[in-house]
Amino acid sequence: MKKFFEEFKAFALRGNVMDMAVGVIIGGAFTSIVGSLTENLIDPILGAAGSTDLSAFTWQIGGIELRYGAFLSSVINFLIMALVLFCLLKAINKLLSIGHKPQAPAAPTTKKCPYCCSEISIEATKCAHCASELPRS
C-alpha cells in the first residue's frame with residue numbers, strides 16, 4: 001500500500017499534472033470573463049432589435065418553449081473561447097520555435113529509373129521494373 005501512495009504522489013506532483021491543474025483553474029476564471037463579455041456587451045448589441053437579453057428570444061411550439069437566444073449566447077461564448085485558445089496556442093508555438101534551426105531535409109532513399117521512370121532504391125544498380133542496367137552515380 002505504501003508503494004501505491006508513493007507512485008500516486010510521483011504521478012500527482014509531476015510537472016504535467018500540475019500544469020494541467022493550473023490550466024483548469026485559469027480556464028475557469030477565463031470562462032467567467034468570456035461569459036461576462038457575451039452577456040454584457042455582445043448580447044445587448046445583438047439584441048438591439050428587441051430585447052437586450054438574448055435569452056428572452058424564444059420560440060413557442062405548442063406547449064414547448066425553445067430558447068434559441070440562450071443557445072445563441074452559448075455558441076458565441078464557445079467561438080470566443082476557441083478563438084482566444086487558438087491565438088494563445090499559436091503564440092506559444094511561435095515562442096517555442098524561436099532559436100530552433102529548421103531541420104535539414106532527409107536524404108533521398110529513392111530515385112527514378114531513367115528508362116521507365118519508376119521509383120527504385122537509391123542503391124539499385126538494376127531497375128526492378130524494366131531490368132535496365134543503371135548508370136553509376
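Bear in mind that the values here come from a model prediction, so they are computed numbers and not experimental data.
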Between CG of L83 and CG of L88, what distance do you get to the nearest 0.5 Å? 11.0 Å

If two hydrophobic side chains count as joined below 4.5 Å and joins carry through other members, does F57 share a cluster with I61? yes

Heavy-atom count around Y68 OH within 6.0 Å, excluding the residue itself: above 12? yes

Following the transitive rule for hydrophobic clusters with a side-chain heavy-atom cut-off under 4.5 Å over Ile, Leu, Val, Met, Phe, Trp and Tyr, establish whether V75 and W59 coincide in one cluster. no

Roughly how far apart are L134 CG and E123 CD, rounded to 0.5 Å? 13.0 Å

Mind checking whether M81 and F78 sit in one hydrophobic cluster, side chains of I, L, V, M, F, W, Y counted as touching below 4.5 Å? no

Quick one, I80 and L37 - any side-chain contact, counting heavy atoms below 4.5 Å? yes

Calculate, to the nearest 0.5 Å, the distance between atoms CD and SG belonging to E119 and C127 respectively. 10.5 Å

Where S32 and A29 come nearest, the two heavy atoms and their spacing: OG-O, 2.7 Å

Can you tell me if S73 uses its side chain to pair, donor with acceptor, with the backbone of G69 under 3.5 Å? no

So, taking the atom named CG in L85 and the one named CG in L89, what distance separates them when rounded to the nearest 0.5 Å? 6.5 Å

L79 with I76, same ILVMFWY side-chain cluster at under 4.5 Å: no

What distance do Y115 atom OH and H129 atom NE2 have between them, rounded to the nearest 0.5 Å? 15.5 Å

Spatial distance of atom CD1 (I120) from atom OG1 (T125) [nearest 0.5 Å]: 9.0 Å

